Amino acid sequence: MGGLAFFFGQPTHICSQTTKRLRKTPPCKLNLARVVVPSRQSQRIVSLAASREIVKWRRSKENVVDVLKVLGRRSKSRRKRKIPFDAEELQAWRDCSKMILNDLSNLTAFGLAFTIHSCRMAGYWDLKLIQELVEHAKRHPRLVAEYNPISCSMTIQSLGMMALTQRKKRDRRAMHFFENSGLDFLGLVMETCLRLRTFEEATYAARGLASSMHGLGAYCGSMAKKPELLQGFSEAIVEEFVRKGNRGGVASAQDFSTLLHGLANIHFEDEARLKSICDLLQEMLSSGEVEFGQQALSNIVWSLSKLDCNDREVLGLLSERIKGEVGDMTSQGLANIVYGFGVLGYNHPGALSALGKESIKPHRLDRFNCQALVNIIYGLGQVGFQERKVLSKLAREISKPHRLKLLTHQGAANLIYSFGLSGFHDKQVLEVLLEEILQSQRLKQSSEQELAIIVYGLGLVGYCNRSHLSTLGKEIIKENRLRGCTDQGLVNIVYGYGKCQFFDKEIFLKLMDEAEGRFSQLTPQGIANVFYSLALMEMEITDSIPEQLLRMLESLSSGIDRRGLVGFDTQALSNLFWSLGELRYRDARLLSDLITAYMHEAERRPEGIQVEQLSMILNACALLDFHDKGFFEVARNWLPSRVDDERTTTNVMWSMAVLGILSLPEFEHQCDRLVTLQNQGHEISTGGSMQVAQASLHISIISGEEFNPRFANLVENCREASYSPTQESSFERIIQKMLLNEGLSYETNKRLVQDILSVDVFIPGTPGLVIECDGPTHYTINKVDGEYRRMGDTIFRNRLLEASGYKVVCLPYFLTGENLRMIVRDAIVNLH
């Protein structure tokens, strides 16, 4: 009997004696589903021997269901080992199907359930057989009425898995059956269970409940519309599962895994019942008595993400179990867990780090299919994963040519988006991905939503390949494309181009036309993001562009008058306020409303206040020469102890100086902070250096105070670093020509006031004459009290020059001809 032990799950080597014993053993006594063989040749021997015996035994026995049982198990074993059916075994299936169809009148309830179950196990079945069985059951409801709990579970699960399989194969004939007659039969089974309260029977174990839910999920996943009866039945399953669990009836993690997987597929939305399942799962995880295998863990995390069930305690306990199972996980299981954590926004440093490091091991990378790699990168991106080594290896793998060919359009878009969320900027990888995406055929086939996600992701990493950005933009602005964009998609496109600081007039005008038409439909966050993005763009303001901006800004102002600022959080308000400063739009009432709304939100939700927000609002106030004492007081009390980076420090210092509210103690405190940051290895940018140098002039010239000598080196270094030569504008050349005609000598780009301020034209004298040729950027784009108003930084520049003893003449860009000549001549006359 030693040779036969093999067939009962104890592997041994196959020999001729074993094969002979096989032929003498009835198939009903062979546990063929558990056969483990060491080689392909041995598998073939077992297959042929088993098939022959099955055929012989089938012909000599009358119980066809027993034959199906053996066939089903053997076929399941074949599927797992990817062994094809042989001719004799296929013929056995056909013969059994005919025998059942010819004798339907004698079919029992168990025979009906087990026949369907065997077909599902085998993965091979005749649609005609299933159709006839279902129609027979519908004509004879007694069969379903006699179902026991096991029959219920087998039928529901088997029908669900068969329907899902046919959906994947896109078999229209089969799906028509499952969406009509099959669904009626499934409803009949569910109604019977509910009416007879089958769930309350002790014999209906938790595993049966979970299997039924899994089958329902599979069936629902195969259909475009969820059956009406499904909700009530799924609720009943969950209630009974929890009841059995509270009585200690849930035996394994697999029960939870199977149940949650089914609930995820039907998009179960009952939060109270989901909470009860999570409580039960938490209790089991905390006890440590039940073993959770890698498959159960991956299924549970994936299912919780699909159910949007963000129970942090459960996720924390699952993460601790996952850390111990990482090495044993399948590639698909690992990908599902990372994806699930990403969707839930759950970042467990230990677990995610372990999963990330495991995913980049050489033997792992080769096993991941393309979609699994995309899901891992997407999951890591959603939680802002920052381990560059992991991201770099995953990015290099997905950008290989054979991987790129298998990328779906959605997958390619998700990759760019995920890299953006992680702040991962690998120029080579991004360019390879973009080259693939921008292939004419793939670009045309990408949806508007996918294009929006791509541009948004590129914006998050500050992508700067103008050729690629232009190609994307040209496709997006096609008329049919823009119409197909959702409101959020349009906002994401504008935001992405803004973050890339990319400006193309044609693309810009088309996007603005579309944004203007949808302005009333945009969310508060969308409105803030649109203006924030426009402010980020490096664009030349010309006579044609302000009209578009003005219409949108006027719509903003009138919309706020009508609707107020409901829905704007502190981030949206600060972004919007900053944008008005950068776009040079001054509307005192609008600015006042925004400040008031921000103060209200900050008082209501103090945790929402950020240093960056206050810095942005201060900067806009400085640019627009807008004063609000209440906000200034809040900023002065809140900022000093919280500013922790050089950019924000220099911005706050300069903004307060421009507004005339920077005191000597505040200046010295911020200088001290900058010295500390420099000692820690931080560098002050050129723009930051200019801000520090100009702020020092406010203290020494405007306030007439001397700062601590220990900051002299800081200010001197900032003064030297702030110098950057400028190019002459056409406007400046016109003024220079006028001066030459008057026979005057002058200097251009002259550095004055401790060599910190650079002026356009300087005519020596006592006092010296400074002529500033102020272009559009020195004035608001809208008229205030009937005229264009100077920007705050221009007023600050003039104030410093005049306090230093110079006479300043500002020539606005909108003056031409004789008016311009008269101002220049008057200035020259007054100089002498």
Side-chain angles (χ1 to χ4, degrees), residues 459-460 462 491 494-495 498-499 501 524-538 549 553 556 560 565 568-588 590-603 605-659 661-662 666 670 673 684-685 687-688 690-692 694-695 777 780-781 791-793 796:
L460 292 179
V491 170
V494 177
Y495 182 85
K499 292 290 283 185
Q501 296 188 325
Q525 187 63 52
I527 291 171
N529 281 352
V530 165
F531 287 116
Y532 178 73
S533 307
L534 297 178
L536 288 172
M537 288 184 183
E538 292 180 345
L549 288 177
L553 288 163
L556 170 67
I560 288 175
L565 286 161
F568 285 84
D569 60 13
T570 53
Q571 187 62 56
L573 289 166
S574 60
N575 282 353
L576 188 53
F577 203 101
W578 178 84
S579 305
L580 295 177
E582 294 297 313
L583 293 170
R584 311 194 314 281
Y585 183 81
R586 194 180 195 284
D587 181 326
L590 174 59
L591 294 173
S592 180
D593 288 344
L594 289 172
I595 285 279
T596 302
Y598 183 88
M599 299 284 282
H600 175 73
E601 279 295 307
E603 184 178 348
R605 296 181 59 192
E607 71 278 3
I609 302 178
Q610 297 177 15
V611 171
E612 181 69 18
Q613 296 171 5
L614 295 175
S615 171
M616 291 169 72
I617 294 175
L618 271 176
N619 182 260
C621 286
L623 289 174
L624 295 172
D625 192 31
F626 179 78
H627 296 256
D628 186 295
K629 292 182 179 179
F631 173 76
F632 294 164
E633 192 64 30
V634 170
R636 296 176 84 161
N637 292 335
W638 202 85
L639 279 171
S641 61
R642 293 175 173 85
V643 177
D644 57 358
D645 66 277
E646 62 86 15
R647 186 172 65 86
T648 306
T649 303
T650 57
N651 189 58
V652 169
M653 179 191 295
W654 179 82
S655 299
M656 295 177 75
V658 172
L659 290 164
I661 60 174
L662 180 66
E666 288 169 330
Q670 290 160 356
R673 181 61 185 154
I684 302 176
S685 66
M690 180 274 294
Q691 290 177 324
V692 173
Q694 290 190 5
T777 57
T780 59
I781 62 171
M791 297 293 290
D793 53 343
F796 180 55

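Remember, predicted model here, so these are calculated numbers, not experimental data.
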Report the distance from atom [atom1] of [X] to atom [atom2] of [Y], rounding to the nearest 0.5 Å.
X      : Y      : atom1 : atom2 : answer
Phe631 : Phe577 : CZ    : CZ    : 7.5 Å
Met616 : Asn575 : CE    : CG    : 4.0 Å
Leu624 : Tyr585 : CG    : OH    : 11.0 Å
Thr570 : Gln613 : OG1   : CD    : 4.0 Å
Asp628 : Thr596 : CG    : OG1   : 6.5 Å
Arg586 : Ile781 : CZ    : CD1   : 13.5 Å

Over all heavy atoms of both residues, which pair between [X] and [Y] is shortest? Give the atoms and the distance, please.
X      : Y      : result
Val491 : Val530 : CG2-CG2, 4.0 Å
Thr648 : Val611 : CG2-CG1, 3.4 Å
Ser685 : Glu646 : N-OE1, 3.9 Å
Glu582 : Leu623 : OE2-CD1, 3.4 Å
Asp569 : Gln525 : OD1-OE1, 3.9 Å
Ala528 : Ser579 : O-OG, 4.4 Å

Do [X] and [Y] have side-chain heavy atoms sitting under 4.5 Å apart?
X      : Y      : value
Leu659 : Phe796 : no
Leu580 : Leu553 : yes
Thr780 : Met791 : yes
Leu618 : Leu614 : no
Trp578 : Leu536 : yes
Ile595 : Leu591 : no
Met653 : Leu662 : yes

Using the ring of each side chain (for Trp, its six-membered ring), is Tyr495 parallel, tilted or perpendicular to Tyr532, with breaks at 30° and 60°?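 Judged by the thresholds at 30° and 60°, the geometry between Tyr495 and Tyr532 is parallel.
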
Return yes if some donor-acceptor pair links the side-chain N/O of [X] with the main-chain N/O of [Y] below 3.5 Å, else return no.
X      : Y      : value
Ser592 : Ala588 : no
Arg636 : Ile661 : yes
Asn619 : Ser615 : no

Consider side-chain hydrogen bond (donor to acceptor under 3.5 Å, both in side chains). Of Gln691, Gln694, Gln670, which one does Trp654 pass it with?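 When side-chain hydrogen bond (donor to acceptor under 3.5 Å, both in side chains) is applied between Trp654 and each of Gln691, Gln694, Gln670, only Gln694 qualifies.
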
Return yes when atom CZ of Arg647 has more than 12 non-hydrogen atoms of other residues, nucleotides or ligands closer than 6.0 Å, and no otherwise.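 Check fails, neighbour count at 12 or below.
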
